[in-house]
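Written below as structure tokens is the structure these notes are about.
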Amino acid sequence: MRLSRYFLPVLKETPADAQIVSHRLMLRAGLIRQHTAGIYNWLPLGYRVLRKIEQIVREEQDRSGAVEILMPTVQSADLWRESGRYEDYGKEMLRIVDRHERDMLYGPTHEEVVTDLFRSIARSYKDLPRNLYQIQWKFRDEVRPRFGVMRGREFLMKDAYSFDLDEAGARRAYNKMFVAYLNTFARLGVKAIPMRAATGPIGGNLSHEFLILAETGESGVFVHKGVLDKTVPADVDFDGDLQPIVDDWTSLYAATDEMHEEGAGAELGDDLVSARGIEVGHIFYFGTKYSKPMGCTVAGPDGAPVDVHMGSYGIGVSRLVGAIIEACHDEAGIVWPEEVAPFKVGLINLKSGAAETDAVCEDLYAKLEKAGVDVLYDDRADERAGAKFATMDLIGLPWQVIVGPKGVAAGVAELKNRATGERVELSFDAILARLAG
RNA sequence: CGGGGCGUAGCUCAGUCUGGUAGAGUGCUUGCUUUGGGAGCAAGAUGCCGGGGGUUCGAAUCCUCUCGCCCCGACCA
């Protein structure tokens with residue numbers, strides 16, 4: 001993409017409305033623009049990041065055996081009356097009345113819809129287990145939206161719903177999501193730590209929140225320092241026994257301030273790390289909470305109807321854009337992990353309009369594109385070097401290729417690593433080899 | 001939903017107390033110069049001063065109603 005033809009409104013000054021660093025950077029780097037309170041336009045650069053995250057989430061869900069569907073954003077209130085949540089949900093639910101005076105709502109979550117869908121299709125225990133997921137926009141009418149996309153009213157979420165014959169099956173489904181989440185966050189380039197979460201009326205220990213550690217996180221977290229060094233096993237067999245992996249990750253203390261126990265923390269002594277975190281995922285087993293009132297049953301092996309055991313599993317996709325920036329930035333701007341970066345390379349022509357740098361840049365640009373490398377080429381003729389550097393640092397692409405007249409005369413350009421700041425002068429071919437490899 | 005704050009040029013913000021021709025910086029346009037870290041000089045364009053009603057000879061400024069946004073708290077992916 002040529003910057004001269006793109007739609008990238010970077011701001012030199014910090015917008016007055018934005019308080020936290022990710023919100024400020026998302027506005028300054030031209031990722032989003034606010035439409036109204038808690039609702040955002042996604043501009044090209046931000047939308048690319050959103051899609052990258054979405055795709056990684058999708059691939060890891062698929063790999064774990066979940067099946068993608070797409071459910072409606074607008075739902076019938078009747079379903080929520082069946083589950084008993086219509087009145088409970090309160091003002092967070094955006095309620096709509098259609099032309100026939102029927103009560104509708106903009107979905108804040110999809111347990112009711114997916115349970116209704118599944119009960120209309122599944123007849124036998126042989127239809128189990130299943131895990132259906134979607135990546136869909138939701139709306140919760142937060143009293144007080146803030147922090148940009150981290151706490152918007154409209155947000156993009158991956159939500160999965162598992163259906164099993166019994167609790168043991170549900171636990172296997174739960175473990176699959178647990179491990180899928182570990183894989184997902186690792187690929188996203190962030191460290192997300194599973195922490196025991198409140199399970200509500202269901203009880204048990206099958207609820208975990210995944211939190212990214214960041215100074216500006218909204219929740220206080222207390223973790224055993226050993227958790228920070230845990231790694232994700234490669235090439236997990238999702239049909240095998242995942243319990244050892246889950247046990248390993250949950251063996252060390254990790255809790256948000258809500259769940260924190262002073263005593264347990266004190267026992268850890270120097271091993272206790274106190275930090276802040278942003279919740280980006282939540283997995284939850286809730287048994288027959290919806291299947292029972294909504295009549296989602298299948299015939300068991302003995303022919304008798306069985307209430308299906310369910311769990312739900314969320315990842316805040318749009319929130320992750322902000323959360324990743326919270327964890328990955330410096331004074332100059334965003335520092336994208338390569339997997340989610342909107343472009344891999346920023347190509348800077350320090351003297352657009354000069355024949356020699358233009359020729360080198362055009363050649364590098366064409367060859368990188370041909371090699372399948374996402375490149376944002378700053379070909380603007382009316383910006384000076386300093387402005388181009390500042391813009392490129394702000395938007396945080398992992399690699400910068402800097403082409404100036406002096407280097408071109410010597411047959412080299414500069415390759416800069418955004419994260420480390422390291423720069424090396426290399427021949428054009430060597431740069432191509434490094435970036436296309 | 002309780003408490004507080006703010007709406008003035010694309011952006012950041014003066015001006016409001018004490019009514020009297022709409023301001024600065026930055027950005028934008030044009031020209032010249034400049035050319036490796038958000039350049040310099042010169043010229044220029046840009047505003048229903050959030051909206052309605054009122055007071056007044058006269059309102060960005062005072063009164064009133066209203067809409068929107070932000071912050072703190074309670075709440076939450």
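Every chain is numbered from 1 and lettered A, B, ... according to where its sequence line falls, protein lines coming before strand lines. Bear in mind the structure is a predicted one, so any value in this text is a computation, not a measurement.
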Do any N or O atoms of the protein come closer than 3.5 Å to N or O atoms of nucleotides 7-13 of chain B, and which pairs are they?
{"from": "B:rC11", "atom 1": "O2", "to": "A:E13", "atom 2": "OE2", "distance (Å)": "3.2"}
{"from": "B:rU12", "atom 1": "OP1", "to": "A:A16", "atom 2": "N", "distance (Å)": "2.8"}
{"from": "B:rU12", "atom 1": "O4'", "to": "A:E13", "atom 2": "OE1", "distance (Å)": "3.3"}

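Pair check for B:rA45 finds none; no Watson-Crick or G-U wobble contact set falls under 3.5 Å. A 3.5 Å limit on both hydrogen-bonding distances identifies no Watson-Crick or G-U partner for B:rA60. Nucleotide B:rG36 forms a pair with no other nucleotide shown, judged by Watson-Crick or G-U wobble geometry with both contacts under 3.5 Å. In this structure, B:rU12 and B:rA24 make a Watson-Crick or G-U wobble pair, each of the two defining distances being under 3.5 angstrom. The base-pairing partner of B:rG19, taking Watson-Crick or G-U wobble contacts with both distances under 3.5 Å, does not exist among the strands shown. Checking B:rC1 for Watson-Crick or G-U wobble geometry (two distances, each under 3.5 Å) identifies B:rG73 as its partner. Nucleotide B:rG7: paired with B:rC67 (Watson-Crick or G-U wobble, both distances less than 3.5 Å).
Partner of A:Y253 under the side-chain hydrogen bond (donor to acceptor under 3.5 Å, both in side chains) criterion, out of A:R196, A:H260, A:H224: A:H260 alone. Only one option out of A:V340, A:L45, A:V317 pairs with A:L50 in a side-chain contact (heavy atoms from CB on, under 4.5 Å); it is A:V317.
Checked against a 6.0 Å centroid threshold, the rings of A:Y174 and A:Y285 do not count as neighbours. Ring centers of A:F210 and A:F178: under 6.0 Å apart, within the cut-off.
Between A:R384 atom CZ and B:rU33 atom P there is a gap of 14 Å when expressed in whole angstrom units. Between the CG atom of A:D382 and the P atom of B:rA39 there is a distance of 12 Å, rounded to whole Å. One can place CD of A:E142 at 5 Å from C1' of B:rC76, the figure rounded to the nearest angstrom. Atom CZ in A:R380 sits roughly 10 Å away from atom C1' in B:rG38 (whole-Å rounding). Straight-line distance from the OH atom of A:Y89 to the P atom of B:rC75: 15 Å, rounded to whole Å. If you measure from atom OH of A:Y40 to atom P of B:rA77, you get 18 Å, rounded to the nearest angstrom. Between the P atom of B:rG36 and the CD atom of A:E414 lies a distance of 12 Å, rounded to the nearest Å.
Comparing the C1' positions of B:rG27 and B:rC65 gives an interatomic distance of 36 Å, to the nearest angstrom. Rounded to whole Å, the P atom of B:rC6 lies 12 Å from the corresponding atom of B:rC62. For the C1' atom pair drawn from B:rA24 and B:rC49, the interatomic distance equals 15 Å after rounding to whole Å. The separation of B:rU35 from B:rG20, taken at their P atoms, amounts to 48 Å, rounded to a whole angstrom. One C1' atom belongs to B:rG40, the other to B:rG52, and the distance between them is 48 Å to the nearest Å. With P as the reference atom, B:rC1 and B:rG10 are 33 Å apart, rounded to whole Å. Of the P atoms belonging to B:rU18 and B:rG23, the separation is 23 Å, rounded to the nearest Å.
Ranking B:rC76, B:rC69, B:rG36 by closeness to the A:A37 side chain, first place goes to B:rC69. You'll find that the side chain of A:R151 is closest to B:rC76, out of B:rG38, B:rA39, B:rC76. Proximity note for A:K91 (side chain, C-beta onward) versus B:rC1, B:rG36, B:rA39: the nearest is B:rC1. Taking every side-chain heavy atom of A:V143 into account, B:rA74 is the closest of B:rG38, B:rA74, B:rA77.
Within the nucleic acid shown, A:A390 comes within 4.0 Å of at least one base atom, counting heavy atoms only. Using a 4.0 Å heavy-atom distance criterion, A:Q34 is classed as a sugar-phosphate-only contact. A:D159 comes within 4.0 angstrom of nothing in the nucleic acid, heavy atoms only. A:K416 comes within 4.0 angstrom of a base, heavy atoms only. Using a 4.0 Å heavy-atom cutoff across all strands shown, A:G152 reaches at least one base atom of the nucleic acid. The residue A:K388 sits apart from the nucleic acid: no heavy atom pair falls under 4.0 Å.
Of the side-chain N and O atoms in A:T36, one or more sit less than 4.0 angstrom from OP1 or OP2 of B:rC69.
Legend: residues meeting side-chain contact (heavy atoms from CB on, under 4.5 Å) with A:A433, ordered by chain and number and at least two apart, are absent. Evaluation of the salt bridge (charged side-chain N to carboxylate O under 4.0 Å, His left out) rule for A:D164 yields no partner, not counting sequence neighbours.
When side chains are defined from C-beta on, A:S22 counts as touching A:M150, because their heavy atoms get closer than 4.5 Å. For the pair A:K176/A:S162, no side-chain contact is recorded, criterion being any heavy-atom separation below 4.5 Å from C-beta on. Looking only at side-chain heavy atoms (C-beta outward), A:V223 and A:M195 come within less than 4.5 Å of each other. Side-chain contact between A:P337 and A:C328 is present, with at least one heavy-atom pair separated by less than 4.5 Å.
Summary of the strand contacts: A:K351 and A:A18 both lie near RNA chain B, and taking for each the nucleotide with the nearest heavy atom, the more 5' one is attributed to A:K351. Residue-to-nucleotide proximity on RNA chain B shows that, of A:E383 and A:G404, the 5′-proximal contact is made by A:E383.
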